[in-house]
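Throughout, numbering of the chain's residues begins at 1 and tracks the sequence. Because the structure is predicted, anything quoted here is derived from the model rather than measured.
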Amino acid sequence: MTAKAVTHLNFRGHAREALTFYRAAFGGDLTVVTYKDAGDVRDPAAADQVMFGQVSTADGPSVMAYDVPSDLPYHQGENAFFVSVRGETTEEITAYWERLAEDATVLRPLGAAPWAPLYGMLRDRFGVTWVLDVVSEYNA
């Protein structure tokens with residue numbers, strides 16, 4: 001099995017700073033894709049904020065983070081994290097998605113995204129937000 005769970009932290013304008021801090025703490029590689037990079041600028045003032053970011057290590061902790069867009073609710077402590085499941089194949093991620101989606105609220109349907117060949121987000125019946133994706137060159 002190739003999937004692993006990665007902590008996904010949510011911020012409002014501080015994701016880059018946090019990721020830089022976590023890279024200093026854990027080492028590894030830092031990846032940052034801004035809303036402008038992904039062609040998804042909803043608010044010009046937030047174009048350079050992080051749409052996708054991660055610190056990945058070969059044998060240590062990895063963490064993902066992004067800046068919640070201003071048009072979405074964000075309350076630190078209430079919407080401070082997602083559980084992210086990342087895999088190498090669409091079949092693997094689709095199977096997880098189908099099982100997690102039972103009685104769930106789909107926040108973003110499973111499909112292609114600018115940063116991943118397959119990506120989706122749902123809130124399960126227990127209130128946990130799950131992000132599932134297939135690893136791409138942005139987030140390998």
Side-chain angles (χ1 to χ4, degrees):
M1 189 169 300
T2 60
K4 65 178 183 175
V6 177
T7 301
H8 188 297
L9 304 171
N10 301 336
F11 298 94
R12 180 78 85 189
H14 300 288
R16 185 184 306 268
E17 179 183 356
L19 287 164
T20 301
F21 170 76
Y22 297 134
R23 182 175 187 271
F26 302 130
D29 297 315
L30 172 64
T31 302
V32 172
V33 177
T34 66
Y35 286 94
K36 181 172 49 181
D37 295 336
D40 189 21
V41 177
R42 300 178 197 181
D43 175 1
D48 292 321
Q49 289 186 353
V50 177
M51 180 179 198
F52 171 85
Q54 88 172 359
V55 172
S56 57
T57 63
D59 55 0
S62 294
V63 65
M64 297 171 63
Y66 95 124
D67 287 309
V68 177
S70 61
D71 63 331
L72 296 178
Y74 173 74
H75 304 286
Q76 189 174 11
E78 293 178 35
N79 189 22
F81 70 93
F82 299 148
V83 178
S84 177
V85 177
R86 318 194 76 212
E88 294 179 4
T89 68
T90 58
E91 295 79 14
E92 179 180 35
I93 292 304
T94 300
Y96 287 131
W97 176 270
E98 289 171 353
R99 292 190 291 263
L100 284 169
E102 183 179 333
D103 297 326
T105 301
V106 174
L107 303 173
R108 177 171 175 154
L110 192 62
W115 60 92
L118 191 66
Y119 171 88
M121 180 186 296
L122 59 82
R123 184 174 304 110
D124 71 18
R125 63 182 175 223
F126 305 104
V128 175
T129 300
W130 293 85
V131 175
L132 291 87
D133 71 336
V134 174
V135 177
S136 73
E137 75 245 18
Y138 281 130
N139 53 35

Open item on the list: Using every non-hydrogen atom in the two residues, find where V134 and T89 come nearest and quote the distance to one decimal.
Closed with: CG2-O, 3.6 Å

Open item on the list: For L100, give me all partners under side chain to side chain contact (heavy atoms under 4.5 Å, CB included), at least two apart in sequence or on another chain.
Closed with: L122, W130, L132

TODO: Calculate, to the nearest 0.5 Å, the distance between atoms CG and CZ belonging to L9 and F82 respectively.
DONE: 10.0 Å

TODO: Could you grab the distance from atom CG of D103 to atom CZ of R123, nearest 0.5 Å is fine?
DONE: 14.5 Å

Task: Heavy-atom pair of closest approach, residues L110 and G120 - done: CD1-N, 3.7 Å

- [ ] Determine the minimum heavy-atom distance between P73 and V68, stating which atoms define it.
- [x] O-CG1, 3.8 Å

- [ ] Kindly compute the distance separating CH2 (W115) from OH (Y66), expressed to the nearest 0.5 Å.
- [x] 9.0 Å

TODO: Return the minimal non-hydrogen interatomic distance between T57 and G27, and the atom names on each side.
DONE: CG2-O, 3.5 Å

TODO: Classify the ring geometry between Y22 and F26 as parallel (under 30°), tilted (30 to 60°) or perpendicular (over 60°).
DONE: parallel

Task: Backbone of D48 reached by a side-chain donor or acceptor of R16 within 3.5 Å - done: yes

Task: Contact summary for G87 and I93, nearest pair of heavy atoms - done: N-CD1, 3.5 Å

Task: Euclidean distance, L30 CG relative to T20 OG1, rounded to 0.5 Å - done: 5.5 Å

Task: 4.5 Å side-chain heavy-atom contact, V106 and W97 - done: yes

Task: Minimal non-hydrogen separation, S62 against S56, with atom names - done: OG-CA, 3.5 Å

Task: Gap separating the NE2 atom of H8 from the CG atom of D133, nearest 0.5 angstrom - done: 8.5 Å

Open item on the list: Could you check whether any side-chain heavy atom of S70 comes within less than 4.5 Å of a side-chain heavy atom of R12, counting everything from C-beta outward?
Closed with: yes

Open item on the list: Exactly one of D43, D67, V32, T34 should register a side-chain contact (heavy atoms from CB on, under 4.5 Å) with Q49. Which one does?
Closed with: D67

Open item on the list: Please report the interatomic distance CG(D29) to CZ(R23), rounded to the nearest 0.5 Å.
Closed with: 6.5 Å

